[in-house]
Structures are given as structure tokens and as C-alpha cells.
Protein chains: 4
Amino acid sequence: MTATLRADAARNRDRLLATARLMVAAGDLSLQLNDVARRAGMGVGTVYRHFPTRRALVEALADDAFTALLDDARAASRHDDAWAGVELLLRALLTRQLAEPTFAEIISTGPDLDAGPGTTAHREEFGRLARTVLGRARQGGELRPGLTDEDLHHLVCGIVFALRIGAEPDGRVERYLQVLLDGIRAGR
Amino acid sequence: MTATLRADAARNRDRLLATARLMVAAGDLSLQLNDVARRAGMGVGTVYRHFPTRRALVEALADDAFTALLDDARAASRHDDAWAGVELLLRALLTRQLAEPTFAEIISTGPDLDAGPGTTAHREEFGRLARTVLGRARQGGELRPGLTDEDLHHLVCGIVFALRIGAEPDGRVERYLQVLLDGIRAGR
Amino acid sequence: MTATLRADAARNRDRLLATARLMVAAGDLSLQLNDVARRAGMGVGTVYRHFPTRRALVEALADDAFTALLDDARAASRHDDAWAGVELLLRALLTRQLAEPTFAEIISTGPDLDAGPGTTAHREEFGRLARTVLGRARQGGELRPGLTDEDLHHLVCGIVFALRIGAEPDGRVERYLQVLLDGIRAGR
Amino acid sequence: MTATLRADAARNRDRLLATARLMVAAGDLSLQLNDVARRAGMGVGTVYRHFPTRRALVEALADDAFTALLDDARAASRHDDAWAGVELLLRALLTRQLAEPTFAEIISTGPDLDAGPGTTAHREEFGRLARTVLGRARQGGELRPGLTDEDLHHLVCGIVFALRIGAEPDGRVERYLQVLLDGIRAGR
DNA sequence: AATGAATGAGGTTTCATTCAT
DNA sequence: GATGAATGAAACCTCATTCAT
């Protein structure tokens with residue numbers, strides 16, 4: 001009984017997430033809960049039960065991307081070459097945002113703001129991994145002095161923003177990323 | 001006669017702009033027209049007469065900054081040293097946005113979107129000046145190859161975005177700007 | 001479950017229609033939706049949910065009258081005497097409009113104009129029935145030649161208009177109707 | 001001095017009337033004073049000075065038609081044949097309204113309603129003339145008994161309304177007028 | 001747990017009229 | 001007399017959220 005209900009609920013949740021993902025993919029980042037409900041063919045109440053807030057829905061949508069980023073970051077932290085690690089880390093932070101706009105919304109926001117526990121945990125874990133990766137590069141003198149971990153985080157988010165403006169031709173991603181990497185590399 | 005009347009209208013317009021500026025300074029970028037009216041102590045109709053649209057108000061607020069930027073850009077285009085010109089240009093584009101968030105909103109948006117004629121003219125003029133400045137640097141081989149004028153425009157807007165995230169301590173502006181300048185400079 | 005809920009919604013809809021009918025009866029044909037909401041003691045949103053447009057409300061109000069007219073027209077089309085059928089038809093078209101001003105509004109308007117599907121269907125059905133009734137009279141040579149179905153429709157609406165002007169004493173309805181009937185009858 | 005001013009004022013008044021006539025001819029019967037002012041290239045205040053009310057403007061626009069109708073009515077009253085007089089009168093009442101929609105608005109309204117003195121005088125004069133014309137026909141037994149002067153007035157306005165509905169092909173005016181004339185003629 | 005109708009605050013917009021200049 | 005900016009009530013409509021069923 002309860003089991004069946006839970007299965008139903010889980011199915012609903014999945015359907016909601018799928019619908020929301022479609023909307024985001026279609027360029028609708030507003031994710032108004034009424035809207036999501038209608039397109040998912042459910043009552044608004046159901047949506048509010050699963051995601052009491054737009055933010056909660058966004059975090060749920062972003063979760064996979066965040067998890068994937070953590071994997072990337074772990075790989076980066078295990079890389080032999082410190083600078084290669086930095087490059088892997090930043091590239092991952094960049095491309096995960098590009099692939100999932102809701103994740104960009106979450107990650108380019110300060111840590112506070114009524115985030116769910118999962119998001120907060122993810123964020124902290126990412127902070128730790130980034131510290132590792134960037135710390136190695138700093139110790140090796142490969143990272144331009146004066147740049148904090150937050151600086152790099154923000155700069156990558158800035159690149160994401162830059163890429164969102166205007167059309168999306170050619171190799172902008174790679175081009176902008178190289179600009180950033182060259183800009184943050186120590187020395188000359 | 002008409003002059004005096006217009007003086008009144010101009011005074012109202014100025015008061016509206018001042019009120020709106022206060023709101024922006026207080027962090028309220030939404031600039032809802034009825035809100036502006038209430039805070040300025042005027043009837044809604046008056047606001048709508050002067051600024052039929054939020055966009056119109058934003059453009060009016062941004063106009064001074066845009067004009068100032070054009071001056072900066074002209075100065076940059078006259079600078080003896082090509083690279084110094086680039087630096088002046090980008091620094092101006094950055095700091096004018098930081099000083100006036102409404103200007104950032106206008107300038108980080110594509111050229112189309114129902115912009116007023118003044119804004120469009122400004123934008124075109126800026127495009128010309130930027131072409132001059134960046135063209136010189138390109139010819140001198142000082143600019144990283146492959147970067148278009150638009151790329152640089154977008155990258156600066158990205159830096160603005162990066163700076164808006166999180167608190168605003170220390171010399172972040174200078175730091176990020178240097179990262180950008182180093183990243184876009186040609187060669188080694 | 002859903003049934004009960006819908007019962008509620010239906011009750012609200014009915015209350016709205018009743019309120020609107022009172023307003024019309026009181027001579028207020030403007031039927032502004034916020035007004036209706038206030039008088040019905042409901043939120044505006046509720047009204048807009050049921051009737052997204054003044055037009056939708058008017059059509060709903062007119063619907064009963066329209067249905068009744070169709071019954072009348074069917075009866076007229078089955079009458080043995082062709083001319084009696086014409087008289088029944090026109091009298092019904094006249095009196096239904098007098099009884100329900102919103103119906104007069106709908107029926108005296110061209111067929112196009114964003115009408116709901118119900119209204120359009122009614123209108124078409126009425127057109128068919130009228131064609132039958134008037135066709136019989138024409139074939140029997142009882143209808144003044146040269147008058148189209150539309151002419152008669154318009155003339156009846158004109159009589160409605162004539163009756164709306166000035167006070168409403170005596171037997172004006174009957175008097176004007178007889179003028180019309182004599183005017184459209186063939187021959188001498 | 002005052003003379004010059006008056007000349008100016010008169011010119012303004014004429015320009016306003018001309019503008020309003022254009023608007024009416026273009027199908028805009030709303031005649032919002034703001035609108036008229038803008039199109040006439042004058043301040044609203046000027047319009048309000050000349051025509052304190054939409055109604056005042058409408059009456060001014062209708063005045064010529066009303067005067068012309070009085071001439072027609074006088075001619076009708078002098079006609080040898082009583083019934084021909086009736087026909088002239090009603091035809092004039094009909095066609096003057098068709099030619100000048102503002103006149104239709106005035107004449108199809110009850111006599112009271114804050115009408116200006118000119119309009120009231122016109123209306124009374126028309127009433128007298130109509131009484132003469134129709135009285136003669138009644139005495140000759142040519143007018144269907146039971147029809148009052150007001151009835152005929154209203155019926156003609158009804159025909160105007162009927163003609164306004166739908167497109168305007170062929171000889172609708174003549175057709176509807178004949179229906180009316182046959183309908184109101186006495187006997188069989 | 002699911003539903004979706006109801007809510008109503010609050011935004012945008014129009015317009016007839018006034019009144020300072 | 002002429003001007004037209006100012007007014008603000010009031011219409012219109014949307015939307016996030018609640019809650020009865």
C-alpha cells in the first residue's frame with residue numbers, strides 16, 4: 001500500500017523532472033510551477049508537494065550535473081600534473097554549466113540562500129576538491145599569485161555568462177577557456 | 001511659456017531618474033514603474049508618459065554611462081600605444097558597467113531588442129570605436145589571434161558578471177581585469 | 001472526488017452567471033470582469049478562469065436564449081403554413097433578444113469575431129433553419145422578392161434597436177413587429 | 001486684439017471640427033477629446049475650451065446634418081401629396097443619419113440628456129414639422145393607425161441600425177426603406 | 001497523495017479631466 | 001486663449017500559493 005503509493009509518487013517526481021528538463025532545454029528557465037504542472041499533466045498541488053519552491057526544483061534538476069562535476073573534480077585532483085588538474089577542473093566547471101543551465105544558476109550563486117542540504121554538501125565537497133587542485137598548482141608556482149579559489153570560481157562563471165550572450169558560433173567555448181587559462185597562469 | 005512648462009516636465013523627468021537611480025543603488029534592478037511612481041511621489045500616469053516602458057527608463061538611466069564610455073573609447077582610439085588603447089577601452093567598458101548596473105544590462109544584451117534610437121546609435125558608435133582600437137592592436141600583432149571584437153565585448157561582460165557574484169572585497173576588479181588582459185594578449 | 005470539486009466550480013460558475021444576469025437586468029451591459037467578481041464576492045482570478053474574456057461571459061449568458069431560439073426556429077420550420085412559420089421565426093428572433101440583451105449583442109454582430117465554438121455552431125444552425133423557413137415562404141411567393149435571409153435578420157435587429165430607444169409603453173413590440181411583417185410580405 | 005483672438009479661436013474650432021470629421025469618416029466614433037487634440041495638433045486644453053464634453057463636439061458635428069434635415073422636413077411639409085411628404089420625411093431622416101453617424105447618435109437618443117440649446121431647438125422644430133407631415137397623412141387615412149410620431153422616428157432609427165450591421169452591398173438602403181414604407185402604410 | 005479551482009495582491013496600462021504655466 | 005504635463009482612479013490581467021475535496 002504505502003509501497004505502491006511511494007512508487008506512484010516517485011514516478012510523478014520523475015515525470016516532473018523530465019518535463020522541467022524539457023522546458024529548460026527549450027530555453028525556458030523561469031520554471032513556473034504552474035507551468036510545469038500543466039505541461040506534466042498534473043495538478044499544481046502535486047508539484048508543490050514534491051518541490052515546495054522553484055529553487056527546490058532547480059536544485060533537483062541540477063543535482064546530476066553537480067554529482068558529475070564532483071567526479072570530474074576528483075579525477076582532476078588525482079591527475080599527476082598539477083596544471084593539467086587545474087585545466088581539468090575549470091573545464092569541467094565550465095562545461096557542466098553549459099550543459100545544464102540550472103546547474104549554472106545554482107553554482108553561480110553564493111553558498112547561503114536557502115539551499116537544500118544536498119546542494120550544500122555538494123558545494124562543500126567541491127570546495128574541498130578545488131582547494132586540493134588549486135593548492136597543488138599554487139605550491140608549484142603555476143597559478144598566478146593573488147587569485148583565490150573563489151576568484152577562479154567566479155571567473156569561470158563569468159566565462160559561462162560571456163558564452164550565453166549572443167549567438168553560439170564556432171569554437172567560442174575553447175577560445176574563451178584558453179583566454180582564461182592563459183590569464184590565470186603564473187609567469188609570462 | 002512653453003519653455004517654463006517644459007522646465008517642469010524636465011524637472012519631473014529628472015526626479016524620476018533620480019528616484020530610479022536610488023532604487024538601483026539600493027540593489028533594486030526590477031524598476032517596476034508603479035514602484036518608481038510611488039517612491040517619486042508622482043502619479044503612475046506621469047511615469048508612463050515619460051517612460052512608457054521599463055526598458056525606456058533603463059535606457060535613460062544608462063545613457064550617461066554610455067556617453068561617458070564613448071568618450072573613453074575615443075580617448076582610447078587616440079592613444080599612441082595600441083595595447084594601451086586596448087587596455088583603456090576594456091577597462092572603461094568594465095568600470096562603466098560596474099558604476100551603472102543599468103548600463104551593464106543594456107550593453108550585455110544583443111543589439112536588437114526594441115532599443116531606443118539613442119541606444120542603438122551609441123551602440124553603433126561604440127562598435128566603430130572598438131573596431132579602430134582593436135584593429136590597431138591586431139595589426140600590431142598584440143592581440144591573441146582568433147578573438148573577434150564581439151569576443152572581447154562578451155568577455156568583459158563576463159568579468160562584470162564574475163564581479164557581481166559574491167561579496168566585493170579587495171582589488172577584485174583590478175585582479176580580474178589583469179587576468180583578462182593577460183589572457184587576450186598575443187604570444188607569450 | 002473530482003466530481004465534488006467540479007460541483008464547486010460549477011456552483012461558482014453559476015453564481016457568476018447569476019450575478020452577471022442581475023447586472024444586465026439592472027441595465028449594466030458593460031460587464032466588466034472585475035466588477036462581476038466584486039459583486040459575486042469572488043476573486044478576479046476566479047472570474048478570469050471561468051470567463052477569460054468579457055466576450056466569453058456574454059456568450060455564456062446568451063447561450064440559453066440562443067438555444068431557446070433554435071427550438072423556436074425548429075418549431076417554425078415544422079409549421080404547416082409557410083407564412084405562419086416566418087412570423088414565428090421573426091417573432092422569436094425579436095422576443096429572445098428583448099428578453100436577453102446579451103443575446104441581442106451576440107446575434108446582431110457578424111458571424112466572425114472570435115466567437116466561441118458553441119456560439120458559432122448555434123449561429124450556423126440558426127442560419128440553416130432560417131433558410132428552410134424563409135425558403136418555403138419564398139417558394140410560395142409570400143415573401144417580398146429581393147429580400148435575403150440576412151436582410152430579414154438585420155431588419156429584426158433593427159426593430160430591437162428601435163424598441164430599445166425611448167420608454168417602453170403599450171404594445172410597441174407587437175406594433176413594430178406588424179409593421180415589419182406587413183413590410184416584408186409579398187404583393188399587395 | 002480681441003477680434004484677432006476671436007478669429008484665432010474660430011479657426012481653431014474649425015480645425016477641430018474638420019479633424020473630428022475625418023476621424024468619424026475613418027470609422028472612429030469614439031472621438032476621445034485627447035485623441036482629437038493630438039490629431040488636430042492642439043493642446044487638450046484648447047479642445048476642452050471649445051467642446052467641454054464629447055457630447056458637445058458630437059452635437060457640433062451633427063449640426064449641419066440636423067439643419068439640412070429641417071430643410072428636408074420643411075419641403076416635405078409643403079408637398080402636395082401627403083404620402084409623398086411622409087416618404088420624403090422618412091427618407092431624409094434615414095439618409096441624413098447614414099451620411100453623418102454623429103447625427104445618428106444624436107437623433108436616436110431621447111430628447112433630454114444634457115443636450116445643448118441648439119440641438120434641443122432643432123429637435124423641437126423637427127418634432128413640429130414631423131407632426132405636420134404625419135398629421136396630414138393620418139387625416140387622409142394613409143398612415144397605418146396606431147403608429148405615433150415617435151414610433152416612426154424609432155423605426156427609422158432601427159432601419160439605420162439594421163443598415164449598419166454587416167457589409168453594405170447593393171441597394172439595401174432602398175430595400176429597407178421600402179419595407180418600412182409598405183409596413184407603415186395604411187390599408188392592404 | 002493528488003487534484004485543480006480559488007484566491008487576491010500587485011503589476012501594467014488607459015483615460016477623462018484639471019491646472020500651472 | 002492656448003498649452004500639454006500631471007493626475008490617479010480604475011480597468012485589465014497574471015501568478016505564486018493555498019486549500020477544500
Side-chain angles (χ1 to χ4, degrees), chain A residues 1-2 4-13 30-38 40-50 52-54, chain B residues 1-13 16 30-38 40-50 52-54, chain C residues 1-13 16 30 32-35 37-38 40-50 52-54, chain D residues 1-2 4-13 30-35 37-38 41-50 52-54:
Chain A
M1 283 247 147
T2 337
T4 324
L5 282 177
R6 279 185 186 154
D8 269 25
R11 214 172 308 133
N12 271 332
R13 200 188 122 100
S30 67
L31 287 179
Q32 301 178 150
L33 297 192
N34 260 314
D35 243 19
V36 180
R38 189 166 36 71
M42 297 182 202
V44 225
T46 310
V47 178
Y48 271 83
R49 163 171 301 271
H50 286 290
T53 225
R54 187 194 100 97
Chain B
M1 291 223 166
T2 339
T4 330
L5 197 65
R6 281 187 187 149
D8 257 34
R11 209 174 310 132
N12 266 326
R13 197 188 126 102
L16 280 174
S30 67
L31 288 179
Q32 301 175 147
L33 296 192
N34 59 340
D35 227 18
V36 179
R38 192 168 34 71
M42 294 182 202
V44 227
T46 309
V47 178
Y48 275 85
R49 165 176 288 266
H50 287 288
T53 257
R54 190 196 97 101
Chain C
M1 289 217 164
T2 338
T4 329
L5 199 65
R6 280 185 188 153
D8 259 34
R11 209 174 310 133
N12 268 325
R13 198 189 125 102
L16 280 174
S30 68
Q32 300 174 143
L33 295 193
N34 59 342
D35 226 19
R38 191 168 35 71
M42 293 181 203
V44 227
T46 309
V47 178
Y48 274 86
R49 164 178 290 267
H50 286 288
T53 258
R54 191 197 96 101
Chain D
M1 284 246 150
T2 338
T4 323
L5 282 176
R6 280 189 187 154
D8 268 26
R11 212 173 309 132
N12 270 334
R13 201 188 120 99
S30 68
L31 287 180
Q32 302 180 146
L33 297 192
N34 260 312
D35 244 20
R38 189 167 36 70
M42 297 180 201
V44 224
T46 310
V47 179
Y48 270 83
R49 161 170 304 271
H50 287 291
T53 223
R54 188 195 99 99

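The interatomic distance linking A:Arg54 (CZ) with F:dC15 (P) rounds to 14 Å, in whole Å. Across the protein-nucleic acid pair, D:Arg49 atom CZ and F:dG4 atom P stand 15 Å apart, rounded to whole Å. Per the geometry, CG belonging to D:Leu31 stands 11 Å off P belonging to E:dA16, to the nearest Å. Put simply, CG on B:Asp35 is 17 Å from P on F:dG8, counting in whole angstrom units. The CG atom of C:Asp8 sits 18 Å away from the P atom of E:dT3 (whole-angstrom rounding). Computed from coordinates, the D:Arg38 CZ to F:dA5 P distance equals 12 Å when rounded to whole Å. Look at CG on B:Asn12: it is 12 Å from C1' on E:dA20, rounded to the nearest Å.
Contact between the side-chain N/O atoms of B:Thr46 and the OP1/OP2 oxygens of F:dT7 is found at a separation under 4.0 Å. Taking side-chain N and O atoms only, B:Gln32 has no distance below 4.0 Å to OP1 or OP2 of E:dG10.
Taken to the nearest 0.5 Å, the CE atom of D:Met42 stands 6.5 Å off from the NE2 atom of D:His50. To the nearest 0.5 Å, atoms CG (A:Leu33) and CG (A:Leu31) are separated by 8.0 Å.
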side-chain contact (heavy atoms from CB on, under 4.5 Å) between C:Arg13 and C:Leu16, worked out | CA-CA 5 Å; C:Arg13 198 189 125 102; C:Leu16 280 174; 5.6 Å; no
With side-chain contact (heavy atoms from CB on, under 4.5 Å) as the test, would you mind laying out the steps for B:Arg38 and B:Asp35 before giving the verdict?
-> CA-CA 5 Å; B:Arg38 192 168 34 71; B:Asp35 227 18; 2.3 Å; yes
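Comparing E:dA2, E:dA16, F:dC13 by their closest approach to the side chain of D:Tyr48 singles out E:dA16. Candidate nucleotides F:dT18, E:dA5, E:dT7 were compared by shortest atom distance to the side chain of C:Met42, and E:dT7 ranks first. Closest to the side chain of A:Val44, out of F:dG1, F:dT18, E:dA1, is F:dT18.
For DNA chain F, if you chain together Watson-Crick or G-U pairs that step i with j, i+1 with j-1 and so on, the runs of at least three with distances under 3.5 Å are E:2-21 with F:2-21.
Residue-level contact check: D:Leu33 touches neither bases nor backbone, having no heavy atom under 4.0 Å from any strand.
Residue-to-nucleotide contacts include a donor-acceptor pair under 3.5 Å from the side chain of A:Asn34 to the base of F:dA16.
Toward the 5′ end of DNA chain F lies the nearest nucleotide of C:Thr53, the other residue of the pair A:Thr53 and C:Thr53 mapping further downstream. Comparing B:Gly45 and C:His50, the nucleotide of DNA chain E nearest to each residue sits closer to the 5' end for C:His50.
Between D:Arg11 and D:Asp8, the closest side-chain pair of non-hydrogen atoms falls below 4.5 Å.
For D:Asn34, the side chain to side chain contact (heavy atoms under 4.5 Å, CB included) criterion is met by D:Val44, not counting sequence neighbours.
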